[in-house]
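Have a look at the structure below before the remarks.
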Amino acid sequence: MLAGAAGNFVEWYEFGVYGCFATVIAERFFTPAAAGPDPAAPLLAAYASFAVAFFFRPAGALLFGRLADRAGRRPALVLVIALMTLATTLIGLLPDRATAGAAAPWLLVLLRAVQGLCAGGEFGGAVALMTEHAPPGRRGRYGAWQSFTVALGLLAGAGAAALTASLLSPAALSGWGWRIPFLLALPLGLTALGLRTALPGPRTRTSAPDPASAPDPASAPDPASAPGIGTVRAVVLGVGRIMGWSAAGYTFLVVLPSYLQSTLGASFREALIATTLANLGFAASILPAGRLSDRVGRRPVMLAGALAVALCALPFLRLLRDPDAAATAKAAALLAAGATVGLLAGPGPAMLAEMFPSSVRCTGLGLAYALANAVFSGCAGLIVTALTAATGDPDVPAYYAGGLCALSALALAGLRGDDHRGPLR
């Protein structure tokens, strides 16, 4: 469990740090003169580099997923955490535009691409490792640890950014202080690497399933045809089931700091506090949601989360903008917004693992997750910032997260109620 979860923590720690420092990175690497007269252009460029990593995820899911399915889970997991740690550390050492000129943003994009490849391979291998070693009836709980360490990583990233911002002056933070949280990824990554190299030979097969409890062919491919049209169909269906999770997670947990600063005029510290509260709500609900899904099934828990976001996203943002609303009400709303995303993230990994046989599990679930994140998470900051600037409508994030969760609810409604009871194939 520790070996599987440690890499997720390091990966999402970096993504959390990058999201919190998006405005600083825009200033240091993407200047208005290079980006054009639009004052929003540098931030858009910073989010574009954020999105680049997500569009390399599907390639990483295929590359490292096939390695994990053929050679075992351990070699792939060791390789991805080593490369991810190296790329994150190099971002902390990267010269900015004032020093390296036009090469600086391109070097940043290159390192983000490496991170994207690694992140694409991380999810499939880690979730397969956790769910395949879960005791009977506990796949939801074990798989939820993947999402829980995502929350811990985002919290650690936001916390490191907030602590750095509180200890340094604005000038020092913008000049060199932003590098410190990125450099902290080195000892974290080395610890995760040590845990993974100590793993015993990874399991790539699970016990034979009970035919009476075999998953519905409509929701998972036949092992005999994998990797074929059944696997492709399962990947597409998996994307539909988690796209709301992807969109809501990044809108409420990662994009929120920059949105609060650029749209509502919040200070950097206020935005970080708000993001930390949302991530606390997210972290608090993940493990209970995973355990609940082992009892009642994946469908009711994930449907509840998707519908909650669809119905409450707009009132949530309007409450944050209300100058007369009490601070306690806003804090409660931030905690609740994060908790609704946790209802999706807790059962999500086990739900995806149950859709694929062991021979293509890492590749299939990793690819579904990577595609959903590339399209609906990596572009979240870019889409929200661009549409808000173009329309002047501050409710754009609510339309984005709520609309995609409504569509995701339709896909989740097709889940079988007993998929969580049978063994993995």
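Along the sequence shown, the residues carry numbers beginning at 1.
Here the side chains of M84 and T88 are in contact, with some heavy-atom distance below 4.5 Å. Side-chain contact check for L94 versus L111: some heavy-atom pair is nearer than 4.5 Å. When side chains are defined from C-beta on, C312 does not count as touching T340, because their heavy atoms never get closer than 4.5 Å. Between D395 and R321, the closest side-chain pair of non-hydrogen atoms falls below 4.5 Å.
Under the salt bridge (Lys or Arg N to Asp or Glu O under 4.0 Å) criterion, D322 pairs with no residue, sequence neighbours left out. A search for side-chain contact (heavy atoms from CB on, under 4.5 Å) contacts involving W106 returns nothing, not counting sequence neighbours. Under the salt bridge (Lys or Arg N to Asp or Glu O under 4.0 Å) criterion, R138 pairs with no residue, sequence neighbours left out. Annotation: salt bridge (Lys or Arg N to Asp or Glu O under 4.0 Å) contacts of R291 (sequence neighbours excluded): none. Taking T85 as the reference, V10, I81, T89, L186 meet the side-chain contact (heavy atoms from CB on, under 4.5 Å) condition, with sequence neighbours excluded. Every residue two or more places apart in sequence or in another chain that forms a side-chain contact (heavy atoms from CB on, under 4.5 Å) with A411 is listed here: R241. For N373, the side chain to side chain donor-acceptor pair (under 3.5 Å) partners are S377, not counting sequence neighbours. With sequence neighbours excluded, the residues forming a side-chain contact (heavy atoms from CB on, under 4.5 Å) with A409 are L303, A306, L307, listed by chain and number.
For R295, the CZ atom is loosely surrounded, since the number of other residues' heavy atoms within 6.0 Å does not exceed 12.
Not one N or O on the side chain of Y142 forms a donor-acceptor pair closer than 3.5 Å with the backbone of L129. Not one N or O on the side chain of T131 forms a donor-acceptor pair closer than 3.5 Å with the backbone of G143. The main-chain N or O of L415 is found under 3.5 Å from a side-chain atom of R299 such that the two form a donor-acceptor pair. Side chain of R141 to main chain of G290: no donor-acceptor pair is present (N/O by atom type, distance under 3.5 Å, no hydrogens or angles). A distance-only check finds a donor-acceptor pair linking the side chain of R179 to the backbone of G92 [under 3.5 Å]. In this structure a side-chain-to-backbone donor-acceptor pair under 3.5 Å is present from R73 to A68.
Nearest heavy atom pair, residue L404 against residue M243, reads O-CE, 4.1 Å. Contact detail for T191 and P187: the closest heavy-atom pair is OG1-O, 2.9 Å.
A salt bridge links R196 with E122; the closest basic N to acidic carboxylate O contact falls under 4.0 Å.
Residue pairs satisfying the side chain to side chain donor-acceptor pair (under 3.5 Å) criterion with at least one member in residues 145-167, sequence neighbours excluded, are listed as follows: N8-Q146. Among residue pairs with one or both ends in residues 291-343, those qualifying as ring pair (Phe, Tyr, Trp, His ring centres under 6.0 Å) are F252-F316; sequence neighbours excluded. Residues in residues 279-300 take part in no ring pair (Phe, Tyr, Trp, His ring centres under 6.0 Å) pair, two or more places apart or across chains. Pairs engaging residues 397-413 under the side chain to side chain donor-acceptor pair (under 3.5 Å) rule: none recorded [sequence neighbours left out].
The CG atom of L319 sits 8.5 Å away from the CG atom of L334 when rounded to the nearest 0.5 Å.
Ring planes of Y369 and W12: perpendicular class, angle over 60° (limits at 30 and 60°).
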